[in-house]
A.B. asks: 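There's a structure below that I have some questions on.
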Amino acid sequence: MCPAERLAPDPAQAAATAMARHRHDPLELLQVLREVQEDCGWIPPEAIDCIQARLTLPRSKILGVATFYSFLHLKPCGRYRILFSDNITDRMLGSPALLERLCRNLWAERGKVTEDGLVSVDTTSCTGLCDQGPALLVNGRPITRLTERRVDELCDLVRNEVPLDAWPADFFRVEDDIHRRDALLGTSWAPGAALAAALARGPEALVEEMKASRLRGRGGAGFPAGLKWQACRDAPGKARYLVCNADEGEPGNFKDRVLLSTAADAVIEGMTLAAFATGAWRGFIYLRGEYRFLLGHLESVLARRRGAGLLGESILGREGFDFDVRIHVGAGAYVCGEESALIESLEGKRGTPRNRPPYPVTHGYLGEPTVVNNAETLAASCLVALKGGAWYAGLGTAESTGTKLVCVSGDCEKPGIYEYPFGVEIRQVLADCGARLTQAVQVSGPSGACVPAAEFGRRLAFEDLPTAGALMVFNERRDLFEVARNFVHFFAHESCGFCTPCRVGTSLLANMMDKLANGHGSPYDFAEIERMNLLLQSMSHCGLGHSACNPVLGTIAKFRPAYQRRLAHEEFEPAFDLDRALAAARQMTGRDDPAAHVPTENEEPA
Amino acid sequence: MSDTFTLDGRPIAFAPGQTILQAAVAAGAYIPHLCFHPDFKPHGSCKVCTVKVGGRHSASCTTQAVAGAVVESDTPEINAERRALVQMLFVEGNHFCPSCEKSGDCKLQATAYDLGVMSPHFDHFFPDRPLDASHPAVLLDFNRCILCSLCVRASRDVDRKNVFALSGRGIRTRLIVNSRTGRLADTDFAATDKAAHVCPVGVILPKGRGFDTPIGRRVFDARPISARADATAEIASSDAARE
Ligand SMILES: Cc1cc2nc3c(=O)[nH]c(=O)nc-3n(C[C@H](O)[C@H](O)[C@H](O)COP(=O)(O)O)c2cc1C
Ligand code: SF4
Ligand code: SF4
Ligand code: FES
């Protein structure tokens, strides 16, 4: 019997099927490419020939899109494509050693396809499974809680070419890990109840309740949701659109994953509320590629809601209230969480952030008024519809009403989701999750803030520490320089490449951090890093570039010794290192003896 | 009467809908820029045109002009930032000006001179970017591409051909051409295309007339780029004259 992964589907057929599934709509180019990738394991030129001909798109455009997203490949990959999550929390749980072990077991080399075409192994940005890492993706499906044993078992399955569907189900188990529920996760309602309450009041009144609730966007920026809905409602346009942002690319964040898995009804009901308020006729869930495994579940919830009259035409019997939702699956690009890049991606293009203004509320999807809201914002809007804006505004703090899902990972006993009213102290979160001897926490992911122990009295709230949800815990043993270095590499990997400062600057910054890590740093490099930080902040085109320097600035300011330790030299030290440059030659000759090395003055004792 | 804003204290008139850089270029005032060309929709990617409006940084080519705005451009702080951007563009590609056919006509080189760039400053990336000499009339030397997208816009919006596109992401972003082989000769590109005449650097070069205009008599040899706010138009016309 030929295992499933072995069957090489006909690329032309795969392309034709994918295009038919998407009504031969050129706007769906990314979805078509993603499905060809899924079927064939890569995107063969013959598939592109078909797409080019049938969708009448320039080949250069198709290639431009295909090369933008990390999960799409124009060269053959292994029949098993293994990607280790490279977030700092996965690393702290031992993922680098596990990756090496897997490569050794399978005679594989990181970043390359094995000669028999069996397997390719590499790393990928945070997979949103930080509470149950180390994690990896195999042909797009997540495997959690990796151990040496699990890696060895996995290698056997790969070697014997066992199809993924026959792998132990436990490998693919993804837990919700909810440890604290509050207003949102603690309230349940019959699907449609929030919508019925809103319909009874009318769209204007719903917008007023939303404004009264002072619910702010949960995607990070904190824009008042009611005002956004109002602006979209008031904007002139031929059609209106609504987008649920479930791209959740910020390392350390995984609450949208949990919401979509445990409370998909709430998220979709929130979308329907927003559609009622704004007049949108079509909604999209932008689901990050890493969460592809949730697609079946979400499609079934959508189907159930259509059946119950909660989506589709004349929703809940209200004449003229027509709204339906499509799921758009991403393909590995953090920048697509930025709302205008997200819209570009929805339109089947490269995920490059647009020039703003104009903003999506007036010129969004296809140039029409569009609301982009985070999945949690939308879910929370159900509580406003059910219980009223005044009730909601009574939760949390003055500037940050309501509750927040906090995603705890790193050095603690109980990583997972904790829902708190806004204003909770870091100290409280640490006590609840069983964190001990904590040195620092990273709030809101790499683009957020690094908070040292002396400041654990600070609060999660827009008034103090704004957060999209991530809270990564680092105990006393952790090296915060390595944390910052991991984050800087993340930004360099995810820069879209549109603007000069971020495209070049994030890579230069990553190289500078590597230079320090390699023991070649001097105060000169320190000054250079600080200069680069300022440049990124002032000149970049979008939030990615603006915040790419945050991890370094934050740790330099608060953990200077972690950097100082790296400054082996008093003066300038060139980045070029003869011994390191010879590494390729050593690998080719299979030598690693002392004579194959050039001595350097500051040999690090192992 | 049209509205005005001030650029380093000098009043600049603008028409509704114009961006700061568009108005400045029309008024003959110089703000350094690379990815902007008056014939095309502003793109906003190089960021060399960044100015401060009311104290905040923004790209002047994409920022709408507003009556009464106070725009700072020629300040030591902003020029230092621009210098760093230009240096980034140099180290990102492979630029050996002395042997480049575009030397003296190149906006990157001219802008660097004008801003007082004395060295590349950053470590070079030395990317591997093979040339494409397949086309009978035009050579592509990708080593010098600054990813400004002008050829992409010209081919798409004027020539209606989509010969050029950006591919890849981040530091691995590259210019590609529209053919299955990846070679220019296999596209419908023609030397008479608008896209053949917009490259601000030495990527898209006409074959068979190398160094026709001797070094020393090229556009920026006589006067620095800042003394020619209309330099973009001028390079294009000098290019056309050399056809
Ligand atoms: C680089 C970058 C990545 C982002 N990623 C996300 C994301 O994954 N999810 C999200 O909801 N918002 C993300 N945002 C914020 C969005 O641009 C936008 O503000 C948000 O989706 C609006 O929804 P909200 O008002 O409900 O928060 C990102 C922003 C930037 C600059
Ligand atoms: S800041 Fe970075 S991610 Fe944002 S547009 Fe510029 S290159 Fe792209
Ligand atoms: S080839 Fe020239 S015009 Fe085209 S993107 Fe590169 S630098 Fe710009
Ligand atoms: S000229 Fe404005 S960003 Fe390039």
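In what follows, every chain begins at residue 1, and chains take the letters A, B, ... in the order their sequences are listed.
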A.B. asks: What residue, out of B:G170, B:S179, B:C46, B:A165, has the most heavy-atom pairs lying under 4.5 Å from chain A?
C.D. replies: B:G170
A.B. asks: Is it the backbone or the side chain of A:E528 that comes under 4.5 Å from a heavy atom of chain B, or both, or neither?
C.D. replies: side chain
A.B. asks: Mind checking whether B:R180 and A:P45 have side chains closer than 4.5 Å, heavy atoms only?
C.D. replies: yes
A.B. asks: Distance only, no hydrogens: is a donor on one side chain within 3.5 Å (strictly under) of an acceptor on the other, for A:S70 and B:R169?
C.D. replies: yes
A.B. asks: Measure B:S58 against the heavy atoms of chain A and call it side chain, backbone, both or neither at under 4.5 Å.
C.D. replies: neither
A.B. asks: Between A:A66 and chain B, with a heavy-atom cut-off of 4.5 Å, which part of the residue counts as in contact: side chain, backbone, both or neither?
C.D. replies: neither
A.B. asks: Measure the spacing between OG of A:S507 and CE of B:M88 and express it to the nearest 0.5 Å.
C.D. replies: 10.0 Å
A.B. asks: Which atoms of B:S167 are under 4.5 Å from chain A, going by heavy atoms: the side chain, the backbone, both sets, or neither?
C.D. replies: both
A.B. asks: Heavy-atom count check: over 12 atoms from other residues, nucleotides or ligands less than 6.0 Å from B:F142 CZ?
C.D. replies: yes
A.B. asks: Measuring only between side-chain heavy atoms, which start at C-beta, is A:L508 closer than 4.5 Å to B:F125?
C.D. replies: yes
A.B. asks: Where is the tightest heavy-atom contact between A:L535 and B:A84, given as atom of each residue plus distance?
C.D. replies: CD2-CB, 3.7 Å
A.B. asks: Can you tell me how far CG of A:L534 sits from CD of B:E77, rounded to the nearest 0.5 angstrom?
C.D. replies: 9.5 Å
A.B. asks: Decide if atom CZ of B:R174 counts as having more than 12 heavy atoms of other residues, nucleotides or ligands within a radius under 6.0 Å.
C.D. replies: yes
A.B. asks: Could you give the distance from CG (B:N162) to CG (A:L57), rounded to the nearest 0.5 Å?
C.D. replies: 9.5 Å
A.B. asks: Is the closest side-chain heavy-atom distance between A:R503 and B:K47 below 4.5 Å?
C.D. replies: no
A.B. asks: Check B:L166 against A:R350 and note the closest heavy-atom contact, atom names and distance.
C.D. replies: O-NH1, 3.4 Å
A.B. asks: Under 4.5 Å between any side-chain heavy atoms of A:S60 and B:V163, yes or no?
C.D. replies: no
A.B. asks: Would you compute the distance between atom CZ of B:F122 and atom CE of A:M512 and round it to the nearest 0.5 angstrom?
C.D. replies: 6.0 Å
A.B. asks: Could you tell me which portion of B:R156 (side chain, backbone, both or neither) has an atom closer than 4.5 angstrom to a non-hydrogen atom of chain A?
C.D. replies: neither
A.B. asks: Please flag which part of A:T352 lies under 4.5 Å from any non-hydrogen atom of chain B: side chain, backbone, both or neither.
C.D. replies: neither
A.B. asks: Once you round to the nearest 0.5 Å, how far does SG of B:C35 lie from CZ of A:F498?
C.D. replies: 7.0 Å
A.B. asks: Could you tell me which portion of B:L34 (side chain, backbone, both or neither) has an atom closer than 4.5 angstrom to a non-hydrogen atom of chain A?
C.D. replies: neither
A.B. asks: Side chain to side chain contact (heavy atoms under 4.5 Å, CB included) for B:E81 and A:S538? Distances and angles first, verdict last.
C.D. replies: CA-CA 9 Å; B:E81 290 170 329; A:S538 57; 3.1 Å; yes
A.B. asks: I want to check something: taking the side chain as every heavy atom from C-beta on, are A:T500 and B:L89 in contact at a cut-off of under 4.5 Å?
C.D. replies: yes
A.B. asks: Quick one: CE on A:M539 to OG1 on B:T50, what's the gap to the nearest 0.5 Å?
C.D. replies: 4.0 Å
